[in-house]
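Reckoned from all heavy atoms, side chains included, excluding hydrogens, waters and symmetry mates. Since the structure is predicted, the reported quantities are computational estimates derived from the model, not experimental observations.
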Amino acid sequence: MSISRFNGFSDSTLSLSLSRKRAHISAVDSTNREAVEELLQTYGETGGINYLDAAATLPSRLAIEAACAELMSLMFPGFRSEALVSSEDLADTTRIRVRHLHARLKTEICRSLGKIPPDEATEAKAEEVLSEFLKQLPSVRRLLWTDIDAAYEGDPAARSYEEIILAYPALEAVAIYRMAHLLYDKVPLIPRIMTEWAHSRTGIDIHPGAKIGENFFIDHGTGVVIGETTEIGARVKLYHAVTLGARSFQKDEHGKIKKGGKRHPTVEDDVTIYPGSTILGGETVIGARSTIGGNVFLVQSVPPDSLVYYEEKQLRIVPKRNKRPASTRDEFTE
C-alpha cells in the first residue's frame, strides 16, 4: 500500500491538491509582480511625491527623533534617560552625549542641505550651524528653568520640580520647540521633524518658527496649536485646546496661497488664555495682562488689561422626568 493511501488519500487527490497550491502561489506571485510594476511606474512619474533623487538625500526621521531624545537627556540628565550612577559621572556622560549628538546631527544637516556625500562647502556649513547650535544649548537650559518655574507657580497640582520634568508633557514640547527654534531658517526640514516628534508624543503642536518668551507655561496642553509667525511675550499661560492660528490665506494671481508674512497673532506679556479659545490673524494683538476666557473666538485685537468672555445663558437645574425618555435628546427637553 502506498503512503498516500495509508494516510487516507489517493495519489490523484494528493496530486490535485498540490496542483491547486501551485496555482494559488503562481497567482499570488503574479499579483505581487503586477503591484510592484505599477508602483515602479508611479515612482517614475514627475511631480507630487516622486522626488527619488532628492529622497536619497533627505534627513532621516529616525535619526532626528533619536537626537531629540538625546537632547532631552542633555537638558535634564538623569530625568529623561537612565539614571546616573553618581554625579561624578556627569562630566564624562555629558561629553559622550555631545560627541554622539554632534556626529548624528552633522550627517543629518548635510542631508538637509542636499549633499550626500557632502562636499567641502556643505561640511563647513554643517559644522558652522552645529557649532552655533551646541554653543546655545546652555542658554536654552537656563530658559527652560524659567518655564519650569512658571509651571510650578502656575499649577497648584504641581508638587515638585521633579514632577514637572518627569511628567508634564508641555515641558517636553516647549523644550524641543526651543531647541528646534535655534535651527529654524538655518537648515530646512530638521526643525519641523523635531517639533513634530514632540507633537506626536504630547498632542502640543508648536511651530519652530514661533517666538516665545520666558516663563511660558501650557497647562495640560492637549490640542494646543501655535502657528509659525506667532509671537508670545513673557509669563504667558495657555490652557489645553488653545489655537493661535491664521485666518484666510491670501492667494496670488494664479490662485495659489502666498507664502510668508505675519499670519498668526501676537500675545503680549502676562496674558492668560483659557481652554478652547481660538485667536486668529497676523494683525490680532492680545494686550498685556489680559485674560481670555474659555471657548472665545477672536479675530480682532484686545487692549491691555482686558477680560474677554462670553455672556452665557443662565444655568438651569431641573428634576428629571419620572418616565424613561424615548431618546437622549428627550432627556434634555422639557
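Considering all non-hydrogen atoms of both residues, Ile279 and Pro265 come closest at O-CG, 3.2 Å. Minimum heavy-atom separation, Leu71 to Met194: CD1-CE, 3.9 Å. Nearest heavy-atom pair, Glu214 versus Asp147, reported as atom, atom and distance to 0.1 Å: C-OD1, 4.2 Å. Considering every non-hydrogen atom in both Asp269 and Ala234, the closest pair reads OD1-N, 2.8 Å. In this structure, Pro188 and Ser112 approach most closely via the heavy-atom pair CG-O, 3.1 Å. Counting all heavy atoms, side chain and backbone alike, Leu144 lies closest to Phe76 at CD1-CZ, 4.0 Å.
Atom CZ of Phe79 and atom CG of Leu171 lie 10.5 Å apart (nearest 0.5 Å). Between atom CG of residue Leu58 and atom CD1 of residue Ile193 there is a gap of 8.0 Å, rounded to the nearest 0.5 Å. Taking NE2 from His220 and OG1 from Thr222, the interatomic distance works out to 9.0 Å, rounded to the nearest 0.5 Å. A distance of 11.5 Å separates CD1 of Ile204 from NE2 of His240, quoted to the nearest 0.5 Å. In this structure, OG in Ser30 is found 4.5 Å from CD in Glu34, a value given to the nearest 0.5 Å. Interatomic distance, Cys110 SG to Lys125 NZ, rounded to the nearest 0.5 Å: 12.0 Å.
Ser301 places a side-chain N or O within donor-acceptor distance of the main-chain N or O of Glu283, the cut-off being under 3.5 Å. For the pair Thr243 (side chain) and Gly245 (backbone), a donor-acceptor distance under 3.5 Å is absent. Counting only distance, with no hydrogens or angles, the side chain of Glu163 and the backbone of Arg159 share a donor-acceptor pair below 3.5 Å. The main-chain N or O of Ala288 is found under 3.5 Å from a side-chain atom of Glu268 such that the two form a donor-acceptor pair. The backbone N or O of Ile212 sits less than 3.5 Å from a side-chain atom of Arg178, completing a donor-acceptor pair. The closest donor-acceptor contact from the side chain of Ser290 to the backbone of Gly287 lies under 3.5 Å. A distance-only check finds a donor-acceptor pair linking the side chain of Tyr310 to the backbone of Phe297 [under 3.5 Å]. Between the side chain of Thr272 and the backbone N or O of Leu238, no donor-acceptor pair lies under 3.5 Å. A donor-acceptor pair is defined here as one N or O able to donate and one able to accept, closer than 3.5 Å; no such pair exists between the side chain of Ser306 and the backbone of Val302. Counting only distance, with no hydrogens or angles, the side chain of Lys237 and the backbone of Asp219 share no donor-acceptor pair below 3.5 Å.
Side-chain rings of His207 and Tyr177 stay apart, their centers remaining 6.0 Å or farther from each other.
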Stepwise salt bridge (Lys or Arg N to Asp or Glu O under 4.0 Å) check, Glu108 with Arg104
CA-CA 7 Å; Glu108 301 313 315; Arg104 191 194 306 275; over 6 Å; no
Take Leu134 and Leu101 through the side chain to side chain contact (heavy atoms under 4.5 Å, CB included) test and state the conclusion after the steps.
CA-CA 9 Å; Leu134 294 173; Leu101 188 64; 4.0 Å; yes
Side chain to side chain contact (heavy atoms under 4.5 Å, CB included), that's the test. Do Ile206 and Ile218 meet it? Break it down for me.
CA-CA 11 Å; Ile206 308 176; Ile218 304 176; 4.3 Å; yes
Carefully, step by step, assess Asp119 and Thr122 under the rule side chain to side chain contact (heavy atoms under 4.5 Å, CB included).
CA-CA 5 Å; Asp119 56 25; Thr122 302; 2.7 Å; yes
If you apply the rule side chain to side chain contact (heavy atoms under 4.5 Å, CB included), what do you find for Val236 with Asn215, and how did you get there?
CA-CA 7 Å; Val236 169; Asn215 290 89; over 6 Å; no
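Neither Leu280 nor Val285 shares a network with the other; the hydrophobic side chains, linked directly or stepwise wherever heavy atoms of I, L, V, M, F, W or Y lie under 4.5 Å apart, form separate groups for each. Under a hydrophobic-cluster definition in which Ile, Leu, Val, Met, Phe, Trp and Tyr are linked whenever side-chain heavy atoms come within less than 4.5 Å, directly or via other members, Ile176 and Leu143 are assigned to different clusters. No continuous path of hydrophobic side-chain contacts links Tyr184 to Val187 [ILVMFWY only; heavy atoms under 4.5 Å]. No path of Ile, Leu, Val, Met, Phe, Trp and Tyr side chains, each step under 4.5 Å between heavy atoms, connects Phe133 with Ile96, placing them in separate hydrophobic clusters. Residues Tyr309 and Val299 do not share a hydrophobic cluster, defined by chaining ILVMFWY side chains whose heavy atoms lie under 4.5 Å apart.
A salt bridge is defined here as a Lys NZ or Arg NE, NH1 or NH2 lying under 4.0 Å from an Asp or Glu carboxylate O, and Arg33 with Glu37 fails to meet this definition. Ion pair Glu123/Lys106 flagged as a salt bridge, since at least one NZ, NE, NH1 or NH2 atom sits closer than 4.0 Å to an Asp/Glu carboxylate oxygen. Salt-bridge formation is detected for the pair Arg235/Asp270: a Lys NZ or Arg NE/NH1/NH2 atom is positioned less than 4.0 Å from an Asp or Glu carboxylate oxygen.
Contact annotation: the side chain of Thr107 never approaches that of Ile109 to less than 4.5 Å [non-hydrogen atoms, C-beta and beyond]. Taking 4.5 Å as the limit, some side-chain heavy atom of Asp155 sits within range of a side-chain heavy atom of Phe217. Looking at Trp197 and Ile64, their side chains never come closer than 4.5 Å, going by heavy atoms from C-beta outward. Taking the side chain as every heavy atom from C-beta outward, Leu298 and Ile292 approach each other to under 4.5 Å. Put simply, the side chain of Leu244 reaches to within 4.5 Å of the side chain of Ile273, judged on heavy atoms. Taking 4.5 Å as the limit, some side-chain heavy atom of Leu183 sits within range of a side-chain heavy atom of Val129. Looking at heavy atoms from C-beta onward, Leu90 lies in side-chain contact with Pro77 at the 4.5 angstrom threshold. The shortest side-chain heavy-atom distance between Arg95 and Asp92 falls under the 4.5 Å cut-off.
Counting only N and O atoms by type, the side chains of His181 and Gln136 include no donor and acceptor under 3.5 Å apart. A donor-acceptor contact closer than 3.5 angstrom is absent between the side chains of His264 and Thr230. Side chain to side chain, Thr266 and Lys262 meet the donor-acceptor criterion of an N or O pair below 3.5 Å. Using a 3.5 Å distance cut-off with no hydrogens or angles, the side chains of Thr146 and Asp149 do not pair a donor with an acceptor. For the residue pair Asn295 and Tyr274, no side-chain donor N or O sits within less than 3.5 Å of a side-chain acceptor on the partner.
With Glu228 as the partner, the salt bridge (charged side-chain N to carboxylate O under 4.0 Å, His left out) test is satisfied by one option alone out of Arg192, Lys211, Arg263: Arg263.
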